[in-house]
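Side chains included, hydrogens not; waters and symmetry mates left out as well; all remaining heavy atoms used.
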Amino acid sequence: MRPSKAVKPAHIGPFAYTFCVIQPARSLLLCLILGSIGGCGLGVMPPQKVELPDRLRAFPTTGLALHDRAAIYWSDEQIPYIHAANPDDVPYLLGLVHAHLRRGQMEMLRMLAQGRLSEMFGPVTLSIDHTLRILDVGKAAPRILAEMPPSTRRWLDRYVEGINAYIASGAPRSADLAVLNVRDDPWTAEDVIRVGRAAAADINWFMVYNHLRLRADPRWELAWKRLLETSAGAIPSIDPANPAAFGLLAGVARSGSNSFAVASSRTNTGSALIASDPHIGLFLPNLWCIVAWRSPHGAALGFTMPGVPAILVGRNERIGWGGTNMLAISSTFYDLNKARALDITTRTQTLRSRWWLPRDITIRDTALGPVISDSPLLKELKTPPLALRWRGHDPSDELTAFLRIAAAADWKQFRDAFETYAVSGQNFLYADVEGNVGQVMAGELPPAAGRAMLGLLGDSENPLHQWTEFRRTADLPSVYNPARGFVASANNLPARTDPPVSVMGNANDRIGRIIDLLSRSLLFSVEQAMEVQRDVYSASSHAAADALFKAYAANPAAVSHQPNERNLLTHIARWDGRYLAGS
């Protein structure tokens, strides 16, 4: 690969180019904190200042296993654009780019997926590693690789080859690698599959954990009933003509991803418009890494996740796609006390720790899944023994799906791309150069899991809770060019189904607000789309504040004469419902 004068590739990026490289992530604050807790000095010198030209020179450009001419251009925003004369070189260069920009992050994700965080952070994370070993998110990796189409396996192997080429190149090790105690172990295809599977974990696990913690409270059943009623009253994305009533506080939410696409008939440019904000926590470095590629087989640009060789949200020269997590039910927690006859097998694993002695753990497995209640993080819940069945423990091929999405040219190819997709369930939105828009519920969901979730825990002796069938993407509702001229999603319930695909969809506030803003104009503009993404108004919070003020105003005796309390009520009365920084 040789540097050359940058030429802007048509139809791919809006940026002017300079040949420069982004500074990699420095040592992570979390690592420093956890390392200090471990009780030993890190023994790492503070990172030295590195200029962009130095970082560029650190990128290997000779001795690479390329099949033809290739170059990587860097925009002023430090976004890499991969140009390859041979399509087989694209994943190889993507592996080099990911390792160059985010290797420390990639190694942390690899160790997380394997349940080996304590080898980085010390004994403080042993309980997390124990839990991760029980979960075994990469359980299906060998079967996934065995069943993967040859073209996808070649793409994956070239990506791994690129990562390992960077590790072997002798490029300077960034400070975070020393802080994290990272060795230069080569990557494997199974490592990549494990990282992708960890990213597809069922978000409902955290919800179930919270409710298991509350189940001992005699009021829990009433609270759970109200939660299910609230879920039934959510605003769906795909069948909005079927609204349901919901209480004032049922719609309270100020967080969550959102994505919307407006058809050409509703825009002032005559072209479709798609805007996506896939929310994640605040991390340094960001989980997302923007990358573009171009080869004789096509071009694409968008968000990638370091360690995964695919564009997850982005665009090519014909279509654009975004999405939000569906919070789809792809797991069942089975109460083993209700299982009449169940064989339990055991296996022993060793947890190794930085600054600490190794620890052997015993993991119990059943035909219903691992005994997740053995996790030290769940011991305090005092639950019955629980087995976890998760769709992600069985093989599926999300990488092939995303590669087909990146190459899709129309709605049919886009929707058909999800044939091999199973986890995690996502609402995918679509727009194309012809002005069309659509939305797909993507995933492979067991109806039995939805039925079992209505009672929180599953009963393996109940035929309705036994996983005997699955709803795939082709079986789930979708919408193409709806009459209102747009589609929108904000982690909300995509469509009402029986049994439900989700009971934890995000509240109505954000999706209701987006629908309201998109409906106000006959012709929508890019500037208005930007305003929607920056909008911080919460209708339910505004209504709740108004109700609170009126309640106190109706009973002045309830208000103390303390200046700060009266001042608070004054601000509540004046608040406009917007969560501005100075509000």
Side-chain angles (χ1 to χ4, degrees), residues 1-22 56 59-61 64-103 106 149 151-166 187 192 196 276 286 288-322 398-409 413-414 417 433:
M1 182 181 72
R2 59 181 181 83
S4 62
K5 184 176 180 180
V7 179
K8 183 177 179 180
H11 309 302
I12 277 292
F15 308 115
Y17 287 78
T18 56
F19 209 93
C20 49
V21 184
I22 192 169
L56 174 62
F59 194 96
T61 58
L64 302 179
L66 294 169
H67 300 304
D68 206 331
R69 295 175 297 104
I72 299 175
Y73 304 104
W74 301 85
S75 76
D76 290 340
E77 290 77 12
Q78 312 312 316
I79 296 173
Y81 286 72
I82 297 169
H83 284 210
N86 189 313
D88 200 37
D89 289 335
V90 171
Y92 178 83
L93 293 171
L94 179 60
L96 282 163
V97 164
H98 275 173
H100 179 68
L101 295 179
R102 304 285 188 87
R103 187 178 163 213
M106 291 169 62
S151 58
T152 304
R153 182 60 193 263
R154 178 59 180 168
W155 179 281
L156 174 58
D157 287 343
R158 285 290 281 165
Y159 176 72
V160 170
E161 191 179 347
I163 296 173
N164 292 332
Y166 187 87
W187 277 61
V192 175
S276 299
N286 193 314
W288 297 122
C289 181
I290 302 178
V291 177
W293 67 63
R294 173 178 290 279
S295 78
H297 283 186
L301 176 150
F303 287 176
T304 67
M305 175 181 164
V308 177
I311 291 176
L312 307 179
V313 174
R315 68 180 190 267
N316 61 27
E317 293 176 304
R318 294 284 305 173
I319 73 167
W321 65 97
E398 287 70 31
L399 179 55
T400 293
F402 279 113
L403 294 179
R404 289 175 177 172
I405 290 169
Q413 291 181 11
F414 176 76
V433 294

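- Of all heavy-atom pairs between Pro296 and Ala85, the closest is CG-O, 3.1 Å.
- Heavy atoms only, all atoms of each residue included: Thr304 and Ala310 are closest at CG2-O, 3.4 Å.
- Rounding to the nearest 0.5 Å gives a distance of 12.5 Å between CD1 of Ile82 and OH of Tyr73.
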Evaluate side-chain contact (heavy atoms from CB on, under 4.5 Å) for Phe59 paired with Ile72, printing each intermediate quantity in order. CA-CA 10 Å; Phe59 194 96; Ile72 299 175; 3.6 Å; yes

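- Between Leu94 atom CG and Cys289 atom SG the span is 8.0 Å, to the nearest 0.5 Å.
- For Arg102 (side chain) and Gly307 (main-chain N/O), no donor-acceptor pair under 3.5 Å exists by modelled atom type.
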Could you walk me through whether Gln413 and Ile405 satisfy the side-chain contact (heavy atoms from CB on, under 4.5 Å) test, starting with their C-alpha distance in whole Å, then the side-chain angles of each, then the deciding distance to 0.1 Å, before giving a yes or no? CA-CA 8 Å; Gln413 291 181 11; Ile405 290 169; over 6 Å; no

Using the side-chain contact (heavy atoms from CB on, under 4.5 Å) rule, take Leu96 and Leu64 through it: C-alpha gap first, then chi angles, then the decisive distance, then the call. CA-CA 10 Å; Leu96 282 163; Leu64 302 179; 4.0 Å; yes

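- Contact between Gly322 and Ser276 at its shortest, heavy atoms only, is CA-OG, 3.3 Å.
- The shortest non-hydrogen separation linking Arg404 to Ala417 is CB-CB, 3.6 Å.
- Among all heavy-atom pairs drawn from Tyr92 and Leu66, the shortest one is CD2-CD2, 3.8 Å.
- Here the closest non-hydrogen pair linking Val192 and Pro309 is CG1-CD, 3.6 Å.
- Rounded to the nearest 0.5 angstrom, His100 NE2 and Leu56 CG are separated by 7.5 Å.
- Between the side chains of His98 and Tyr159, at least one donor N or O sits under 3.5 Å from an acceptor N or O.
- For Arg318, the side chain to side chain contact (heavy atoms under 4.5 Å, CB included) partners two or more places apart in sequence, or in a different chain, are Asn316, Ala409, Val433, Glu434.
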Take Trp293 and Ile311 through the side-chain contact (heavy atoms from CB on, under 4.5 Å) test and state the conclusion after the steps. CA-CA 10 Å; Trp293 67 63; Ile311 291 176; 3.7 Å; yes

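- In this structure a side-chain-to-backbone donor-acceptor pair under 3.5 Å is present from Trp321 to Leu312.
- Counting only residues at least two apart or in different chains, salt bridge (Lys or Arg N to Asp or Glu O under 4.0 Å) contacts with residues 79-97 comprise Asp88-Arg154, Asp88-Arg158, Asp89-Arg158.
- In this structure, CD in Glu317 is found 4.5 Å from CZ in Arg294, a value given to the nearest 0.5 Å.
- Taking the ring pair (Phe, Tyr, Trp, His ring centres under 6.0 Å) definition, one finds that Trp187 meets it with nothing, sequence neighbours left out.
- Between the OG atom in Ser75 and the CD1 atom in Ile290 there is a gap of 8.5 Å [rounded to 0.5 Å].
- In this structure, Ile79 CD1 and Leu301 CG are separated by 6.5 Å, a value rounded to the nearest 0.5 Å.
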